[in-house]
Amino acid sequence: MKKYLITSALPYINGIKHLGNLVGSLLPADIYARYLRQRGEEVLCICGTDDHGAPAEIAAQEAGQPVAEYCQGMYETQKAIYAKFNLAFDHFGKTSTAANKSLTQDMFKYLEQNGYIIEKTIEQYYSVADKRFLADRHITGTCPKCNYAMARGDQCDGCGALLDPTELINPRSTINPQDTLELRKTKHLFLDLPKLQPKVKQWTDTLQNPSKVVSGIIRKWLEEGLEQRCITRDLDWGIPVPKPGYEDKVFYVWFDAPNGYISITMDWAAQSGNPDAWQQWWQQPDQVHYTQFMAKDNVPFHAVMWPAMLLGTERNWKMVDYIKGFNWLNYAGGKFSTSQKRGVFTDTALELFPADYWRYYLMANVPESSDADFSFKDFASVINKDLADSLGNFTSRVLTLVEKYFDSKVPDHNATTVDSELAQKTTELCQQLNQAHSELRYREVINTMRQLWALGNEYITKQQPWSVIKRDPAQAGYILSNCLHLLRIYAVTAWPIIPGTAEQIFALVSPDANPGNIAIINVTDFNCLPVGSAVAGKISMFSKIEDATVSELEARFDGINS
């Protein structure tokens with residue numbers, strides 16, 4: 001049996017992340033890991049902060065802190081926020097570690113030895129006032145492809161195109177917009193991607209059913225032909241280049257950041273007391289199934305550039321098997337943006353509503369096949385309808401009736417009292433849910449959960465145990481026993497998505513076990529709760545979001561700044 005390696009795109013260190021970052025990589029990775037753990041699989045789920053590059057320098061400068069101090073503080077802040085969202089990574093590390101420095105420098109040496117590194121003299125913007133060359137992230141201008149006015153020197157947030165600073169229209173310094181810029185000649189190191197293209201093409205053919213957004217990006221890059229890519233930058237903060245003449249440069253953040261998946265695993269292994277354990281995940285490729293989660297703007301680096309690096313080292317690295325790429329979650333007609341502080345950010349989200357509200361809604365609105373839009377009106381509608389009116393209402397009705405008629409104890413039942421039609425439909429839906437999880441189809445996961453909850457509400461409404469109790473108490477007990485077993489099933493099936501709520505429901509009806517230890521495919525037993533065991537009384541699980549609250553939040557987060 002293979003082990004399952006899962007990585008989520010590493011969030012930049014430059015500030016608290018927004019909901020788009022959460023739904024585009026962090027949350028789906030956690031959900032997949034939880035699903036696999038329920039199945040009893042051996043799982044390693046890795047994430048961490050991407051610490052290097054110009055974004056970190058710029059953010060630290062704005063905060064008035066040394067960059068290393070800023071990164072450490074923001075690392076602790078991000079880590080704490082993700083823990084509050086119940087993102088259960090096996091290890092949440094960072095890229096500014098000794099392990100990543102050593103690994104990245106070794107990879108560079110392998111690539112250079114194998115003939116995939118070249119030196120070129122290029123023209124680069126030079127700040128006359130600061131007397132320094134400016135890295136691409138220190139340059140802002142208009143995108144030549146879509147005319148987005150705030151394109152960065154390395155990538156356009158408007159259309160996602162990868163850019164060179166010299167391509168920008170009306171370029172200016174982000175450090176000092178009034179500064180005079182000059183194009184001057186300087187030397188840099190490049191990864192020879194054209195030479196690596198045959199290896200990359202051969203490897204991409206092995207990817208397992210990549211999503212359309214992933215396969216489309218890979219095909220576009222390879223059909224247009226890979227270009228030599230600069231891997232050095234004129235920055236102080238980063239991993240030093242181990243080559244004479246490059247003492248004043250560091251590696252481009254995208255050259256060292258993906259290596260963080262490996263180095264963070266190294267740090268996990270060291271902390272676990274078995275420093276060599278990382279090799280079981282990264283150097284025994286036939287024994288591991290590797291899945292990556294990311295938004296579409298990260299796909300070129302993960303599906304082309306990093307694989308080219310790994311292949312170019314000619315070492316036995318584990319390559320990704322499946323890339324789950326997501327489109328963008330938009331806010332108020334435009335993109336969420338950390339740098340522009342636009343949208344709802346994860347720390348603020350937790351102040352507004354419980355983590356499970358966000359986890360559920362974001363996966364119900366996950367941008368799988370196209371970009372999706374966030375609005376507080378839609379958020380309230382989904383939470384009120386699905387969690388409060390469906391799951392919450394069923395839970396409350398069942399526990400209230402069991403408390404009223406059976407003293408909050410599991411009524412008498414046995415195998416012959418199970419409603420066969422209910423059991424069959426439940427089994428079918430759990431099978432569909434299991435399949436959707438295994439194939440990473442999260443819209444279908446949510447839709448199937450909705451059907452499960454609707455099934456329970458329809459069943460109790462149709463069976464009317466409050467009326468049956470008057471003429472046949474035993475039959476009413478059988479009905480409510482089936483409903484209690486449904487609650488147990490709901491807890492197990494909901495656990496990957498809304499773990500806090502799932503554990504709460506499970507504890508109400510089955511306090512001696514854990515929903516995280518039961519596979520979805522094995523949960524449909526309607527005869528497992530001990531007769532006479534205590535269950536909770538009436539409980540209110542979800543608070544509805546009122547229209548007045550929606551109006552207040554829409555005014556507060558007006559699409560300009562939040």
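Keep in mind that the numbers below use all heavy atoms, side chains included, and drop hydrogens, waters and symmetry copies.
- At least one side-chain heavy atom of Gln463 sits under 4.5 Å from a side-chain heavy atom of Asp419.
- Between Tyr32 and Phe293, the ring planes are tilted. Angles from 30° to 60° get that label.
- A donor-acceptor pair under 3.5 Å is absent between the side-chain atoms of Thr291 and the main chain of Ile6, judged by distance alone.
- Between Thr501 and Met541 the shortest side-chain heavy-atom distance falls below 4.5 Å.
- In this structure, Ser481 contributes its side chain and Gly477 its backbone to no donor-acceptor pair below 3.5 Å.
- In this structure, Lys318 contributes its side chain and Pro285 its backbone to a donor-acceptor pair below 3.5 Å.
- Residues Glu368 and Leu440 have side chains not in contact (no heavy-atom distance under 4.5 Å, counting atoms from C-beta outward).
- For residues 390-439, the pairs satisfying ring-ring contact (aromatic ring centres under 6.0 Å, His included) are Tyr35-His437, Phe394-Tyr490, His413-His485, with sequence neighbours left out.
- Nearest heavy-atom pair across Val366 and Arg443 is O-NE, 2.9 Å.
- Partners of Glu439 according to the salt bridge (charged side-chain N to carboxylate O under 4.0 Å, His left out) rule, which considers only residues two or more places apart in sequence or in another chain, are Arg441.
- Using modelled atom types and a 3.5 Å distance limit, the side chains of Glu428 and Gln432 yield no donor-acceptor pair.
- Across all non-hydrogen atoms, the minimal contact from Ile16 to Phe345 is O-CD2, 3.1 Å.
- For the side chain to side chain contact (heavy atoms under 4.5 Å, CB included) criterion with Leu26, the lone passing option out of Ile31, Leu87, Leu10 is Leu87.
- Here the side chain of Asp90 pairs a donor or acceptor atom with the backbone of Cys45 at under 3.5 angstrom.
- No side-chain donor-acceptor contact under 3.5 Å links Thr348 to the backbone of Val344.
- The NZ atom of Lys296 sits 16.0 Å away from the CD1 atom of Ile323 when rounded to the nearest 0.5 Å.
- When each of Leu310, Leu207, Thr206 is checked for a side chain to side chain contact (heavy atoms under 4.5 Å, CB included) with Val320, only Leu207 meets the rule.
- In this structure, Lys385 NZ and Asn393 CG are separated by 14.0 Å, a value rounded to the nearest 0.5 Å.
- Between the Asp371 side chain and the Pro367 main chain, no donor and acceptor come within less than 3.5 Å of each other.
- Using modelled atom types and a 3.5 Å distance limit, the side chains of Thr95 and Asn100 yield no donor-acceptor pair.
- Taking the side chain as every heavy atom from C-beta outward, Trp306 and Met319 never approach each other to under 4.5 Å.
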Set out, in order, the CA-CA distance, both residues' side-chain angles and the distance that settles side chain to side chain contact (heavy atoms under 4.5 Å, CB included) for Phe89 and Ile46, then state yes or no.
CA-CA 6 Å; Phe89 300 115; Ile46 292 294; over 6 Å; no

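- A donor-acceptor contact closer than 3.5 angstrom links the side chains of Gln72 and Glu76.
- Judged by distance alone, the side chains of Glu503 and Trp495 do bring a donor and an acceptor atom under 3.5 Å apart.
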Please step through side chain to side chain contact (heavy atoms under 4.5 Å, CB included) for the pair Lys377 and Glu554, ending with a clear verdict.
CA-CA 8 Å; Lys377 182 178 180 181; Glu554 287 177 339; 3.8 Å; yes

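- Looking at Tyr478 and Pro411, their side chains never come closer than 4.5 Å, going by heavy atoms from C-beta outward.
- Judged by distance alone, with hydrogens and angles left aside, the side-chain atoms of Asp50 form no donor-acceptor pair with the main-chain N or O of Ala257 at under 3.5 Å.
- Contact of the Leu484 side chain with the Leu480 side chain is not registered, since no non-hydrogen atoms from C-beta on lie closer than 4.5 Å.
- Across every non-hydrogen atom of Ala372 and Asn365, the tightest pair is CB-O, 3.4 Å.
- Side-chain atoms of Ser272 come within 3.5 Å of backbone N or O of Ala269 as a donor-acceptor pair.
- Using a cut-off of 4.0 Å between Lys/Arg side-chain N and Asp/Glu carboxylate O, Asp389 and Lys544 are scored as salt-bridged.
- Taking Phe301 as the reference, Trp254 meet the ring-ring contact (aromatic ring centres under 6.0 Å, His included) condition, with sequence neighbours excluded.
- The one candidate from Leu399, Ile505, Thr400 that meets the side chain to side chain contact (heavy atoms under 4.5 Å, CB included) condition with Ile539 is Leu399.
- Using cut-offs of 30° and 60° for the angle between ring planes, the Phe542 and Tyr357 rings count as tilted.
- Using a 4.5 Å heavy-atom threshold, the side chains of Pro11 and Cys47 count as touching.
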Working note: Leu455 + Leu422, criterion side chain to side chain contact (heavy atoms under 4.5 Å, CB included); need CA distance, chi angles, decisive distance, verdict.
CA-CA 8 Å; Leu455 181 64; Leu422 175 68; 3.9 Å; yes

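- For the atom pair CD1 (Ile489) and CH2 (Trp453), the distance works out to 14.0 Å, reported to the nearest 0.5 Å.
- Contact between Leu19 and Ala349 at its shortest, heavy atoms only, is CD2-CB, 4.0 Å.
- With values rounded to the nearest 0.5 angstrom, Leu44 atom CG is found 8.5 Å from Glu42 atom CD.
- Classification of the Phe374-Tyr331 ring pair by plane angle, with boundaries at 30° and 60°, yields parallel.
- With respect to the salt-bridge test (charged N to carboxylate O, under 4.0 angstrom), the residues Glu421 and Lys425 qualify.
- Using modelled atom types, one side-chain atom of Thr427 and one backbone atom of Ala423 make a donor-acceptor pair closer than 3.5 Å.
- Under the 3.5 Å distance criterion, the side-chain polar atoms of Asn482 are left unmatched by any main-chain donor or acceptor of Val418.
- With contacts defined as side-chain heavy-atom distances shorter than 4.5 Å, the pair Phe506/Arg488 qualifies.
- Ring centroid separation for the pair Tyr290 and Trp281 does not come in under the 6.0 Å cut-off.
- Interatomic distance, CH2 of Trp278 versus CE of Met266, reported as 3.5 Å (0.5 Å rounding).
- Heavy atoms from other residues, nucleotides or ligands lying under 6.0 Å from CD of Gln208 number more than 12.
- Side-chain atoms of Lys3 and Gln284 include no donor-acceptor pair closer than 3.5 Å.
- Scanning all heavy atoms of the two residues, the minimum distance from Ala99 to Asp267 falls at CB-OD1, 3.6 Å.
- Closest approach of Asn327 and Ser370 over heavy atoms only: ND2-N, 3.2 Å.
- Under 3.5 Å, the side chains of Asp51 and Tyr75 contain no donor-acceptor pair of N or O atoms.
- Put simply, NZ on Lys79 and NZ on Lys94 are 9.5 Å apart, with the number rounded to the nearest 0.5 Å.
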Going through the checks in order, is the side chain to side chain contact (heavy atoms under 4.5 Å, CB included) test met by Met363 and Val445?
CA-CA 9 Å; Met363 297 317 293; Val445 165; over 6 Å; no

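- Atom NZ of Lys2 sits in a crowded spot, with more than 12 heavy atoms from other residues, nucleotides or ligands closer than 6.0 Å.
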